[in-house]
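Input: a single structure, listed below in structure tokens.
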Amino acid sequence: MDTAFFDRPAETVAPDLIGALFLVNGVGGRIVETEAYDAEDPASHSFRGPSVRNAPMFGPPGRAYVYRVYGRHWCFNVVCDVRRRGSAVLVRALEPTAGLGLMSERRGVGEVRQLCAGPGRLCRALAIDDRLNGASVFASPFTLLDKTIVRRVSHSPRIGVSKGVETPWRFFEDGSRYLSRREPATA
DNA sequence: GTTCCGATGTACT
DNA sequence: GTACATCGGAACG
């Protein structure tokens with residue numbers, strides 16, 4: 001995977017990331033749920049233009065944008081389209097495949113299904129925090145490999161937003177057991 | 001199984 | 001002050 005992959009509209013990149021392998025220091029799994037955000041979107045951190053927090057969103061594609069949410073959790077995004085500055089994809093859930101023991105330890109949870117089912121849980125399991133904000137996802141400690149198996153991807157409105165609630169920019173692998181929520185069913 | 005609610009930091013009005 | 005791209009535990013069925 002390279003810069004060109006991310007230098008496209010976020011709502012195009014987001015479904016393409018479903019099925020990709022995502023690891024931090026060798027720990028992680030297959031991406032099964034993502035959401036797209038861009039600067040024309042009132043739900044996006046970039047909506048009101050550049051700021052200290054959202055600076056990575058206005059930088060080059062393929063960099064991490066990591067921020068704290070609700071004072072307790074981290075969320076991990078990858079910056080997209082440089083022509084539509086201020087766009088990114090939030091990675092919301094993984095199907096754990098590597099480093100299960102370590103993830104379980106970090107999360108304090110036994111069930112594999114719970115390890116990376118949500119943006120905050122995923123960051124905890126992979127030990128992602130603000131130290132990785134702005135880092136390239138093509139270099140250590142990240143591993144990001146394009147999907148090898150193509151499965152059906154569905155979409156729905158995004159979770160946890162109060163604006164842009166109807167924009168169907170949440171993408172997930174159809175039938176996956178590892179989503180942050182039970183499949184709402186759309187197409 | 002479900003629903004409800006508080007925690008807790010920070011960006012922004 | 002208010003809102004927030006969330007989560008886990010308590011209470012309940």
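So you know, we letter chains A, B, ... as the sequences are listed, proteins then strands, and number each from 1.
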Next on the checklist: So A/H73 and A/Y67, do their side chains get closer than 4.5 Å, heavy atoms only?
Outcome noted: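 A side-chain contact is absent here, since even the closest heavy-atom pair is not under 4.5 Å.
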Spell out, as yes or no, whether a donor-acceptor pair under 3.5 Å connects the side chain of [X] to the backbone of [Y].
| X | Y | answer |
| --- | --- | --- |
| A/D174 | A/R152 | no |
| A/R92 | A/C75 | no |
| A/E35 | A/I159 | yes |
| A/T34 | A/A14 | yes |

### Query
Can you hop from A/V137 to A/F171 via hydrophobic side chains spaced under 4.5 Å?
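Yes, A/V137 connects to A/F171 through the hydrophobic network.
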- [ ] Tell me yes or no: between the side chains of A/S136 and A/R63, is some donor less than 3.5 Å from an acceptor?
- [x]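 Judged by distance alone, the side chains do not pair up.
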- Query: For A/D38 and A/S44, does a side-chain donor sit closer than 3.5 Å to a side-chain acceptor?
  - Reply: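 No, A/S44 and A/D38 have no side-chain donor paired with an acceptor closer than 3.5 Å.
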Under the side-chain hydrogen bond (donor to acceptor under 3.5 Å, both in side chains) test, which residues partner A/R68, sequence neighbours left out?
->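 Here no residue qualifies.
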**Q.** Partner of A/R8 by salt bridge (charged side-chain N to carboxylate O under 4.0 Å, His left out), out of A/D2, A/D81, A/D16
**A.**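 With A/R8 as partner, A/D2, A/D81, A/D16 yield a single salt bridge (charged side-chain N to carboxylate O under 4.0 Å, His left out), made by A/D16.
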Discussion item. So if I apply the salt bridge (charged side-chain N to carboxylate O under 4.0 Å, His left out) rule between A/D7 and each of A/R83, A/R85, A/R84, which one comes out positive?
Written reply: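 Exactly one candidate clears the test, A/R83.
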* Should the heavy atoms of other residues, nucleotides or ligands under 6.0 Å from CZ of A/R124 be counted, would the total exceed 12? ->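 Result for CZ/A/R124: open.
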Distances under 3.5 Å between nitrogen or oxygen atoms of protein and nucleotides 11-13 of chain B:
unit_1, atom_1, unit_2, atom_2, d
B/dC12, OP1, A/S51, OG, 3.0

Kindly state which residues belonging to residues 116-125 of chain A come within less than 4.0 angstrom of DNA chain C, counting heavy atoms of the residue only, listed by number.
->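 Output list: A/G118, A/P119, A/G120, A/R121.
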Problem set entry | Residues from residues 159-168 of chain A lying under 4.0 Å of DNA chain C - heavy atoms |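 When residues 159-168 of chain A is checked for heavy atoms under 4.0 Å from DNA chain C, the hits, listed by number, are A/I159, A/G160, A/V161, A/S162.
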*Would you kindly give the CZ-to-C1' distance between A/R72 and B/dG9, to the nearest whole Å?*
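Rounded to whole Å, this separation is 10 Å.
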Note to self: Is it the case that the ring center of A/F142 lies less than 6.0 angstrom away from the ring center of A/F76?
What the structure shows: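 So the answer is yes for these two rings.
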Inset, instruction - Tell me whether the centres of the aromatic rings in A/F172 and A/H155 are closer together than 6.0 Å. - result: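 No, the ring centres sit 6.0 Å or more apart.
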Which sits closer to the 5' end of DNA chain C, A/V109 or A/A43, going by the nucleotide each is nearest to?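 The residue closer to the strand's 5' end, by nearest nucleotide, is A/A43.
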Is DNA chain B part of any stem, that is, at least 3 consecutive Watson-Crick or G-U pairs with both distances under 3.5 Å, and where?
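DNA chain B stems, ordered by first number: B:1-7 with C:6-12, B:9-12 with C:1-4.
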Q. Which nucleotide span of DNA chain C, 5' end to 3' end, has atoms closer than 4.0 Å to non-hydrogen atoms of chain A?
A.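 Going 5' to 3' along DNA chain C, contacts run C/dC4 to C/dG8.
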| field | Span that lies between the C1' atom of B/dT3 and that of C/dA5, in whole angstrom | value |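 My reading of the C1' atoms in C/dA5 and B/dT3 gives 22 Å.
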- Lys/Arg N to Asp/Glu carboxylate O, A/E173 vs A/R30, below 4.0 Å: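 Yes, A/E173 and A/R30 are salt-bridged.
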